[in-house]
Amino acid sequence: MTDDPLPTAPGEPPDPADPGRVTLSDPVVPGAVNLRDVGGLRAGTTMTRYGVLFRSGNLARLGAKGGKALATLGLRRIIDLRADDEVAREPSRIRGLDVVTQRVPLFLGSVDSFFRDDLSLDEMYRLIVDESSDGVVAVVRGILADQPALVHCTAGKDRTGVTVALTLAAAGVDADEVVADYARTEALLPARRNRYVVALIRSMHPRAVNVEDLVARSPAPVMQALLADIDERYGSAAEYLRTHGLADDEITELRRVLLRDP
């Protein structure tokens, strides 16, 4: 059993002062990285509801304490965006939790291919938007099917970041709030985890220059650029989802589910 959210390099001690800067509204679930409630974000004259949509990294390191803490969130659906090999390597430890698990692998290639091809974050996000639109729509429909819902990938940074950002933007959340929620990840990923993963990836791809960005960074300008690109090409995040199959009544329901009454 484990509640340790971090891979540990040989000989490296735990870092109890770090797993990042949390706020009072962030659920405390031992063993889970980058877990937060997206409630309280401004959306015009209203805001997002608390206790409806959560996001996080993987759930592979939950122990007894983490499992009990996760159960208090009352989740009805967990949407896992990881590829089959990631799930096999680090299966979620949610046994005993009465919840629907929905698998939506969001990368069309392997995770390793992004490091091998040395993509930038901008390039990766454009690929998710362009090549995994069916998956993004499936995630939104999963959120509509059951609440509270938790969306997660491995670190909760890129696949989760893009999908949750598009979901929030389509519901009418202010763009600066969507960007700020995305950017929070950089402070919530523990430094010890980042050092370990960066060193591991660099040992496999020594010539790659984007490793730190892909592993540990969530710069606000990257999400600002993605949302601007969506607006330029589709008109809005809601129109992006409509273009790829989401119906008008589903967009309306998304806003009802996620937003408080004005």
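One-based numbering along the sequence shown.
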Give a yes or no on whether the backbone of [Y] and the side-chain of [X] come within a donor-acceptor separation of less than 3.5 Å.
X      : Y      : answer
Ser132 : Gly135 : no
Thr48  : Leu41  : yes
Thr154 : Asn58  : no
Asp174 : Asp176 : no
Tyr182 : Gln224 : no
Thr72  : Ala69  : yes
Glu90  : Val87  : no
Glu186 : Ser218 : yes
Glu131 : Ile128 : no
Ser133 : Val129 : no

Between Ser120 and Arg126, is a side chain to side chain contact (heavy atoms under 4.5 Å, CB included) present by the stated rule, with each step listed?
-> CA-CA 10 Å; Ser120 68; Arg126 179 68 177 256; over 6 Å; no
Could you check Asp229 against Tyr125 for side chain to side chain contact (heavy atoms under 4.5 Å, CB included), going step by step and ending with a plain yes or no?
-> CA-CA 11 Å; Asp229 177 64; Tyr125 294 178; over 6 Å; no
Return yes if a side-chain donor-acceptor contact under 3.5 Å exists between Thr101 and Arg77, otherwise no.
-> no
So, Thr185 versus Asn34: side-chain donor-acceptor pair below 3.5 Å or not?
-> yes
Can you tell me how far apart [atom1] ([X]) and [atom2] ([Y]) are? Round to the nearest 0.5 Å.
X      : Y      : atom1 : atom2 : answer
Leu168 : Arg55  : CG    : CZ    : 8.0 Å
Leu75  : Ile94  : CG    : CD1   : 9.0 Å
Leu254 : Leu258 : CG    : CG    : 4.5 Å
Ile79  : Thr160 : CD1   : OG1   : 10.0 Å
Leu150 : Ser56  : CG    : OG    : 4.0 Å
Asp134 : Leu106 : CG    : CG    : 10.5 Å

Would you call [X] and [Y] a salt bridge, taking side-chain N to carboxylate O under 4.0 Å as the test?
X      : Y      : value
Arg217 : Asp158 : no
Arg42  : Glu177 : yes
Arg256 : Asp261 : no
Asp181 : Arg36  : yes

Hydrophobic clustering (ILVMFWY, side-chain heavy atoms < 4.5 Å, transitive) - are [Y] and [X] grouped together?
X      : Y      : result
Val164 : Met47  : no
Val52  : Val140 : yes
Val100 : Leu62  : no

Evaluation steps, side chain to side chain contact (heavy atoms under 4.5 Å, CB included), between Leu189 and Lys157 = CA-CA 9 Å; Leu189 291 179; Lys157 183 173 83 74; 4.0 Å; yes
Derivation and outcome, side chain to side chain contact (heavy atoms under 4.5 Å, CB included), residues Tyr50 and Arg260 | CA-CA 9 Å; Tyr50 285 102; Arg260 295 172 51 182; over 6 Å; no
Looking at every non-hydrogen atom in both residues, tell me the closest pair between [X] and [Y] and how far apart they are.
X      : Y      : answer
Pro148 : Gly74  : CD-O, 3.3 Å
Ala169 : Val178 : N-CG2, 4.0 Å
Arg103 : Ala83  : NH2-C, 3.7 Å

Indicate yes or no: at least one non-hydrogen side-chain atom of [X] is less than 4.5 angstrom from one of [Y].
X      : Y      : result
Val104 : Asp80  : no
Glu86  : Cys153 : no
Ile251 : Arg242 : yes
Phe54  : Val151 : no
Glu253 : Val257 : yes
Met124 : Leu214 : yes
Arg193 : Val33  : no

Determine, step by step, whether Asp37 and Arg49 satisfy the salt bridge (Lys or Arg N to Asp or Glu O under 4.0 Å) criterion, reporting the C-alpha distance in whole Å, the side-chain angles of both residues, the deciding distance to 0.1 Å, and the verdict.
-> CA-CA 9 Å; Asp37 189 332; Arg49 301 177 190 271; over 6 Å; no
Which residues pass the side-chain hydrogen bond (donor to acceptor under 3.5 Å, both in side chains) test with Glu250, sequence neighbours left out?
-> Arg141
Check whether more than 12 heavy atoms from other residues, nucleotides or ligands sit under 6.0 Å from atom CG of Asp130, and answer yes or no.
-> yes
